[in-house]
Engineer: 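Sharing a structure, written as structure tokens. Questions coming.
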There are 2 protein chains.
Amino acid sequence: MADLETRELRYFVAVAEELHFGRAAARLGIAQPPLSRAIRQLERRLGVQLLDRDRRGAALTEAGRVLLGEARVALDAVAAAERRTRRAGERSLVLVTKAGASHELLRRLLDALASEPGAPPVEVLLCEVGEQAHRLRDGQADVAIMHRPYDDLAGFDTADLCVEGQVAILPAAHPLAAREQLTLADVSDVPGLPIARWPRLDGTYPDGPGPEVRTQSQLAQLVALGKCLLVIPASSRAWQWPEHVAVPVVDAPDVTTVIAWPRSSHSQAIAALVRSASSVADGSA
Amino acid sequence: MADLETRELRYFVAVAEELHFGRAAARLGIAQPPLSRAIRQLERRLGVQLLDRDRRGAALTEAGRVLLGEARVALDAVAAAERRTRRAGERSLVLVTKAGASHELLRRLLDALASEPGAPPVEVLLCEVGEQAHRLRDGQADVAIMHRPYDDLAGFDTADLCVEGQVAILPAAHPLAAREQLTLADVSDVPGLPIARWPRLDGTYPDGPGPEVRTQSQLAQLVALGKCLLVIPASSRAWQWPEHVAVPVVDAPDVTTVIAWPRSSHSQAIAALVRSASSVADGSA
DNA sequence: CCGCTCTGATACTCGCCGGGTATCAGTAGG
DNA sequence: CCTACTGATACCCGGCGAGTATCAGAGCGG
């Protein structure tokens, strides 16, 4: 059984995402005929039909859908191998976190590391919601600050850093903004003030009345404009606008901030960073 | 940046495991010179030295150790992509479990599935201790019965099935075998009856006086011969020999039997199987 | 109804690169 | 010093991946 090569996987992913051989070939920087041949050969080798060809494009079969998911995971793993090996010499670590989240904790962590003599230098990579796991999987980052139960922690080792309640972020002009505290019942189904919808792990959006958002700046502006509200961990108040008001939601589930790293990492630099993070979090509790 | 190909990763893993270009080449079924060239080219491309060559072999550098770990993960992911795609058409699932463990639960689960009309057919794959995670990662199996905290559950979704205490398995002739119950203190440091040592995740053995074992049959025979004892979940008594005696260890940590599946699986066949397993486990509790 | 245009498939050539054999070169050990 | 063993180098060949040119079928407009 001739093994799959990453080239074949990249080709297939391109076709599966474009559902069009010509566009996929352009994206890959090759001509269309070799791409058609490569996919055919892949199907022959696997003994499975991956695509239903049609005169106006291609559609994934069930096997194709399986391969698309598995191929993405595999390509991430290969990319991670490459990146982490390249960076193996350097002693610095890349820490990824959601822009704006756990700001205070992060600042204290960086301060503690800077003042510690033997600590490894840390680069900080900020990303949008839900992207940390991907950065960790494909090797762009070594450790991540994530939040349970919001983020996808599967496949990572984690250490809890701190637990916090959640607050509702409201437009300052809204009546609810004057309240001392709120409940989940208060903030769901507020007329004219729906809860914004984040993309799920697969990139699609849940149904609902709220606007679809991808980035924190979109969200911040929407709240300021009085278009929606949101419920987030209390520490995220760091990016509150003057037009925002944060009100504790007493019955919202607690959010645990964790530091996560790939299961396969045995580096003692990561271990040291985790230790620092844990002690910083304890000190502040 | 020309991406890594799986061929290069396989070559590197072979060399890194053999620490000898000639043997690695033989294992790969190619000649030694192309292998040397491939590794050199890999080092050039990554800009990192992976091996320290020496007149009597090769040794891994730090970067080489990183790549070895990452490459194994990546190759597993690629192999999984291939296997799962090949099997995408078939409706049957492969369930892997440790030979001898949770036998009663497994039998009830299979019975329940057999009598259920719409249930997917299930093949059972038996393996040795600690191998389930690997089978799940490289696509040889779709779901696994595993035991917390013994098994490596990182990267999988899991559902708890049942919780049980642990028993000490002793040679029937030993004085301790007559006891009604034992404590961990009783069974540690028994003169002439050490606890057997299992390989860790990386294949090495912890230090200690007991014999090194890999398989359950080795273990069973060693106990029958009076060479060692072991502490295992109560349900594993299924493979007890006549020369064995099982005595509850009251203060040993409980073991949770779980059913685990890869995070990336969205198949409803797996979901159905997990539901069946959960209800079977509940019914027996 | 013909032809234009879009799709993916086929035919053929070319050149790179992965693989082979033969050989070199340095070191350890007798 | 010679032998045996390591990995590295030199050189050649063949396969396969990629390119261009072209085909074939389906939709659609004039």
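So that the names make sense, note that chain A is the first sequence line, chain B the second, and so on, each numbered from 1.
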Engineer: By a strict heavy-atom criterion of less than 4.0 Å, which residues belonging to residues 18-33 of chain B are in contact with DNA chain C?
Structural biologist: Gly29(B), Ile30(B), Ala31(B), Pro33(B)

Engineer: Can you measure from CG (Leu28(A)) to CZ (Arg23(A)) and round to the nearest 0.5 angstrom?
Structural biologist: 13.0 Å

Engineer: Measure from NZ or CZ of Arg10(A) to the centre of the six-membered ring of Phe12(A), then state whether that distance is under 6.0 Å and the direction lies within 45° of the axis.
Structural biologist: no

Engineer: Applying a 4.0 Å non-hydrogen cut-off, can you work out what Glu5(A) is touching in the nucleic acid: base, sugar-phosphate, or nothing?
Structural biologist: nothing

Engineer: Between dG17(D) and Arg7(A), is there an OP1 or OP2 to side-chain N/O distance shorter than 4.0 Å?
Structural biologist: yes

Engineer: With no hydrogens and no angle check, do the side chains of Thr6(A) and Glu5(B) hold a donor and an acceptor under 3.5 Å apart?
Structural biologist: yes

Engineer: Which residue, Asp142(A), Asp76(A), Asp152(A), forms the salt bridge (charged side-chain N to carboxylate O under 4.0 Å, His left out) with Arg137(A)?
Structural biologist: Asp152(A)

Engineer: Starting at atom CG of Leu35(B), determine the distance to atom P of dT9(D), rounded to an integer number of angstrom.
Structural biologist: 14 Å

Engineer: Any side-chain to backbone donor/acceptor pair from Gln49(B) onto Leu51(B)? Under 3.5 Å, distance only.
Structural biologist: yes

Engineer: Just the rounded figure in Å: distance from P of dC16(D) to OH of Tyr11(A).
Structural biologist: 15 Å

Engineer: Check whether any side-chain N or O of Gln132(B) sits under 3.5 Å from a backbone N or O of Ala144(B) as a donor-acceptor pair, and report yes or no.
Structural biologist: no

Engineer: Quick check: does any side chain N or O of Thr61(A) sit under 3.5 Å from a backbone N or O of Leu50(A), one acting as donor and the other as acceptor?
Structural biologist: yes

Engineer: CD1 of Ile39(B) versus P of dT6(D): gap in Å, rounded?
Structural biologist: 17 Å

Engineer: So what does Arg40(A) touch, heavy atoms closer than 4.0 Å: a base, only the sugar-phosphate, or nothing?
Structural biologist: sugar-phosphate

Engineer: Between Arg263(A) (side chain only) and Ala154(A) (backbone N and O only), is there a donor and an acceptor less than 3.5 Å apart?
Structural biologist: no

Engineer: Can you give me the first and the last nucleotide of DNA chain C (5' to 3') that has an atom within less than 4.0 angstrom of a non-hydrogen atom in chain B?
Structural biologist: dG18(C) to dA28(C)

